[in-house]
Amino acid sequence: MSDDDPDLRGTRRLPTLDTSAGATAGPEDTAPADGERPAHEEHEESGGGGRARRFWAARRVPAALVALVVLGAAGLLLYDVAAVRADRPAMAWRKRLAEELATRHLDDVWVLVGAAVAVVLGLWLLLLAVTPGLRAVLPMRRTTPDVRSGLDRAAAALVLRDRAMEVPGVQSVRVAVGRRRAKARAVSHFRGLDEVRGDLDTALGDGLRQLGLARRLALSVRVRRSAKR
């Protein structure tokens, strides 16, 4: 079945499964504003399969780019060295590079700029190497040692939004799920705001528990009255 099938264009990604035992996995926390319910304390929920860790991204694009650059530079240099060994003149770029390296001082502007760019690229590659990535996938509780599962943040937000729309008095709601916090911003068109906020707190709290996430997300709920027309 192709991804271009019109019946599948509106679908969302389901929880992902990873059957390798050794694999690992990956908006910001803000203080509750006025009118929000206090955020629930987050904590780890351990299952019978051990501790759930974040998923690691494959990072194929950065790895492919680095490999292509290194391969191209090494191939060009090897060709030029082989040409010189065959009594042919070296390429102009290598002569120019050797001349610049021999004559330019270390405090030259272009030398400093090149060094800064190399440092930034190196730090970026190191950061990619030591961080898990896949921030859109939330690890779920492990019930068996050999199976790891993750839930897409967009799918979790959709489930919580459906739960919130079942609360009486809620006209519309926006739910955003981060790595540590779930935020709900609801509009109520009848009932008291405190009553709606309390029911939302209960419904979304139950929804978060039923998601089966390894880390219980903090919950922030804000309710406002719909604009009168």
Side-chain angles (χ1 to χ4, degrees), residues 3 5-17 25-47 51-57 127 131-143 148-229:
D3 292 339
D5 192 335
D7 295 333
L8 297 179
R9 291 174 183 172
T11 60
R12 294 182 177 271
R13 181 166 48 166
L14 294 177
T16 57
L17 293 176
E28 301 87 20
D29 295 340
T30 55
D34 295 338
E36 291 187 9
R37 298 281 294 187
H40 297 301
E41 182 180 1
E42 63 180 43
H43 62 277
E44 289 280 341
E45 294 185 358
S46 58
R51 182 179 178 183
R53 300 181 181 274
R54 288 177 56 189
F55 291 85
W56 282 77
L127 181 64
T131 54
L134 286 183
R135 299 173 63 88
V137 179
L138 300 173
M140 302 179 69
R141 288 194 302 270
R142 301 183 65 176
T143 56
R148 299 181 63 250
S149 58
L151 181 63
D152 188 81
R153 283 180 7 194
L158 183 61
V159 172
L160 295 178
R161 179 185 177 278
D162 291 342
R163 294 293 296 267
M165 290 300 298
E166 296 175 357
V167 174
V170 174
Q171 181 180 12
S172 62
V173 62
R174 292 184 303 170
V175 179
V177 175
R179 289 179 47 234
R180 295 182 178 87
R181 182 186 299 268
K183 298 179 182 180
R185 302 293 180 261
V187 177
S188 175
H189 57 303
F190 70 92
R191 296 183 68 201
L193 294 182
D194 290 338
E195 296 178 0
V196 176
R197 186 181 298 114
D199 291 347
L200 278 174
D201 223 7
T202 301
L204 294 180
D206 293 340
L208 286 174
R209 284 190 292 271
Q210 293 175 4
L211 288 178
L213 300 177
R215 176 187 292 271
R216 179 74 60 79
L217 301 181
L219 177 61
S220 174
V221 178
R222 177 188 289 179
V223 182
R224 64 179 178 86
R225 185 68 67 190
S226 61
K228 295 182 180 180
R229 298 181 179 178

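Annotation for Arg197 and Val223: closest pair NH2-O, 3.6 Å, computed over non-hydrogen atoms. Taking all atoms of both residues into account, the shortest heavy-atom contact from Leu138 to Gly178 is CD2-O, 3.8 Å. Across Val170 and Ala186, no two heavy atoms sit closer than the pair CG1-CB, 4.5 Å. Across Leu211 and Ala156, no two heavy atoms sit closer than the pair CD1-CB, 4.0 Å. Between Leu204 and Val221 the shortest heavy-atom distance is CD1-CG2, 4.1 Å. Among all heavy-atom pairs drawn from Arg153 and Arg179, the shortest one is NH1-CG, 3.6 Å.
Contact annotation: the side chain of Ser220 approaches that of Arg185 to within less than 4.5 Å [non-hydrogen atoms, C-beta and beyond]. Within the 4.5 Å cutoff, the side chain of Arg215 has no heavy atoms near those of the Pro139 side chain.
Not a single donor-acceptor pair under 3.5 Å links the side chain of Arg141 to the backbone N or O of Ala214. Remark: the backbone N or O of Ala184 is not paired with any side-chain donor or acceptor of Arg174 at under 3.5 angstrom. Looking at Ser188, its side chain never comes within 3.5 Å of a backbone N or O of Arg224 through a donor-acceptor pair.
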What do the steps show when you test Val187 against Val173 for side chain to side chain contact (heavy atoms under 4.5 Å, CB included), and what is the final call?
CA-CA 6 Å; Val187 177; Val173 62; over 6 Å; no
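To the nearest 0.5 Å, the span separating CG on Leu217 from CZ on Arg181 amounts to 10.0 Å. With rounding to the nearest 0.5 Å, the separation of CG in Leu208 from CZ in Arg163 is 9.5 Å. Atoms CZ and CZ, from Arg191 and Arg225 in turn, are 10.0 Å apart once rounded to the nearest 0.5 Å. To the nearest 0.5 angstrom, Leu219 atom CG is 8.0 Å from Leu160 atom CG.
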